[in-house]
Protein chains: 2
Amino acid sequence: MSHTLGIRQAQKQKTRQAFLDAALALLEEQSLSSLGLREVTRAVGVAPTAFYRHFRSTADLGVALVDEALGSLHPMVRTTVSTAGGSEERIARAIELIARHVDTHPAHVRFIARERHGGVQPVREAIRAQLVRFAEEVKAELAKDSEAAGWNDDDLLMLAHLYVDQMLITASLFLEALEAPAEQRERVTQLAARQLRLITVGRRHWLD
Amino acid sequence: MSHTLGIRQAQKQKTRQAFLDAALALLEEQSLSSLGLREVTRAVGVAPTAFYRHFRSTADLGVALVDEALGSLHPMVRTTVSTAGGSEERIARAIELIARHVDTHPAHVRFIARERHGGVQPVREAIRAQLVRFAEEVKAELAKDSEAAGWNDDDLLMLAHLYVDQMLITASLFLEALEAPAEQRERVTQLAARQLRLITVGRRHWLD
DNA sequence: TCATCCAGTTAACAACTGTTCTCCGGAATT
DNA sequence: AATTCCGGAGAACAGTTGTTAACTGGATGA
């Protein structure tokens with residue numbers, strides 16, 4: 001059912017992607033609410049008015065960036081949470097996955113961290129909606145685990161949120177250590193592992 | 001040793017405070033990196049050039065706002081963490097304190113949450129430095145607790161960071177629920193309590 | 001082949017930005 | 001009483017901003 005796009009639509013999507021890429025690069029050193037429309041078109045190498053063919057406003061572009069940054073991440077999270085193995089190796093694998101993702105998509109991660117509480121309401125809401133989805137998916141995976149026996153729904157969702165928030169905090173720490181020596185990156189890894197370990201311990205004794 | 005300021009210095013501090021207040025109000029709906037110098041002076045009702053008498057740039061103003069927002073909060077945190085009582089009442093008291101602070105200083109809290117990962121580097125660093133201080137202070141209080149026996153320094157600091165991050169997350173949730181019905185605010189309280197409870201459980205069984 | 005569509009261009013608009021230099025008048029100092 | 005200090009005002013600067021309208025030329029579909 002994947003129809004090959006016409007020359008026209010293909011070109012449009014190409015320039016649209018160029019807008020997204022240019023904006024993401026510019027947003028490494030500023031927030032969305034200060035990103036100018038002309039600034040983006042200049043970076044793409046196109047007339048200012050061309051912007052309107054793709055986005056209503058920079059806020060609109062921001063929402064598109066949220067989808068690009070988080071939309072394709074859901075399957076990854078699902079499989080990571082559900083992978084079998086001892087708790088210690090699961091923790092190591094999750095942290096490894098975060099570290100790798102920050103390495104390969106630093107600008108996307110920075111954008112999400114920055115605009116989650118940023119100055120543009122529609123973007124904040126888009127991010128919040130995605131994070132709620134993540135939490136629900138994590139909760140669904142947690143519910144399958146044998147350790148979830150006896151847990152009520154509210155407690156499961158609470159734990160899922162805790163995990164999601166913790167992942168964001170860890171990602172942000174890796175981001176800060178991106179250009180730091182390997183030593184500091186290792187310290188971030190250790191800290192994150194310890195925190196996940198403590199949560200795991202709390203989870204294990206929750207029903208006492 | 002508190003010397004009464006001369007008329008001149010008093011007036012200067014007064015306008016400086018007017019700058020801070022006006023900026024904080026403007027920052028409710030945008031981020032610092034898009035805050036214009038003229039925008040602030042217009043809100044204060046003063047000539048644009050007057051700005052330079054108080055701040056080098058808007059980034060400089062932002063750093064001053066960080067100190068105003070977090071500087072006076074340290075004693076509060078210290079006493080809150082160290083207050084005696086059962087763990088359940090301590091949790092309730094901490095959450096109550098956060099809720100009250102968000103109610104009385106919403107703009108300050110929003111500013112910190114927004115600029116913690118925002119687009120202005122000096123401000124990010126100022127916030128980070130303050131949060132590190134908070135974590136160290138919390139760690140020092142935790143170390144006094146009888147439950148900390150056998151804990152090493154790294155683990156204590158890890159737990160302290162967990163608490164500090166959790167406080168920020170909770171504050172941010174209260175902020176989102178500021179104008180929401182009491183029902184939702186109660187749900188935030190319950191969620192935060194549950195999460196702190198799980199951390200407490202993990203803490204209690206850490207040395208197993 | 002011819003008419004239609006539409007992504008991108010060009011030109012122009014009033015409004016706004018940060019920063020400079022020069023000046024004023026009341027407070028502070030001598 | 002005379003002088004210095006200094007927070008703020010005023011005017012002007014070159015550049016920037018978002019948005020509009022009318023246009024161009026190649027892809028599209030009849």
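Within every chain, numbering begins at 1; the chains are lettered A, B, ... in the order of the sequence lines, protein sequences first and strands thereafter.
- One interatomic measurement links the two molecules: CZ of B:R53 to C1' of C:dC24, which rounds to 12 Å at whole-angstrom precision.
- Heavy atoms from other residues, nucleotides or ligands lying under 6.0 Å from CD of B:Q190 number more than 12.
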Kindly express the pairing pattern of DNA chain D in dot-bracket notation, using | wherever a base pairs with another strand and counting only Watson-Crick or G-U pairs under 3.5 Å. ||||||||||||.||||.||||||||||||
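- For the pair B:T58 and A:V46, both in contact range of DNA chain C, the more 5′-proximal nearest nucleotide belongs to A:V46.
- Nucleic acid contact for A:R42: sugar-phosphate only, since backbone atoms but no base atoms lie under 4.0 Å from a heavy atom of the residue.
- For C:dT10, neither phosphate oxygen OP1 nor OP2 lies less than 4.0 angstrom from any side-chain nitrogen or oxygen of A:T49.
- Ion pairing between a basic and an acidic side chain is recognised when a charged N comes within 4.0 Å of a carboxylate O; A:K14 and A:D21 show no such pairing.
- Rounded to whole angstrom, the span from the OH atom of B:Y52 across to the C1' atom of C:dT20 amounts to 9 Å.
- Taking every side-chain heavy atom of B:R8 into account, C:dG25 is the closest of C:dG25, C:dC6, C:dT19.
- Taking atom CD of residue B:Q30 and atom C1' of nucleotide C:dC16, one finds them 14 Å apart after rounding to whole Å.
- Separating the CG atom of B:L5 from the P atom of C:dA27 is a distance of 15 Å, rounded to the nearest angstrom.
- Interatomic distance, OG1 of B:T41 versus CZ of B:R38, reported as 7.0 Å (0.5 Å rounding).
- Below 30°, between 30° and 60°, or above 60°: for A:F51 and A:F19 the angle between ring planes is above 60°, a perpendicular geometry.
- In this structure, B:Q9 places its CD atom where only 12 or fewer heavy-atom neighbours from other residues, nucleotides or ligands lie under 6.0 Å away.
- Among the nucleotides C:dG8, C:dT17, C:dA27, the one closest to the side chain of A:H54 is C:dG8.
- Between B:R197 and A:D155, none of the side-chain N atoms (NZ, or NE/NH1/NH2) sits under 4.0 Å from a carboxylate O, so this pair counts as no salt bridge.
- Each of A:A50 and B:L35 has a nearest nucleotide on DNA chain C; the 5'-most of these lies closest to A:A50.
- The residue among B:T15 and A:E39 whose nearest nucleotide of DNA chain D is located toward the 5' end is B:T15.
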Would you check, one step at a time, whether the test side-chain hydrogen bond (donor to acceptor under 3.5 Å, both in side chains) holds for B:S87 with B:T200? CA-CA 8 Å; B:S87 67; B:T200 301; 5.5 Å; no
Run the side-chain hydrogen bond (donor to acceptor under 3.5 Å, both in side chains) check on A:H74 and A:Q130 step by step: do they pass? CA-CA 9 Å; A:H74 293 274; A:Q130 292 276 4; 2.7 Å; yes
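- Nucleotides of DNA chain D with any atom under 4.0 Å from a heavy atom of chain B span, from 5' to 3', D:dC5 to D:dA12.
- The pair A:E141-A:K144 counts as a salt bridge, with a side-chain nitrogen and a carboxylate oxygen less than 4.0 angstrom apart.
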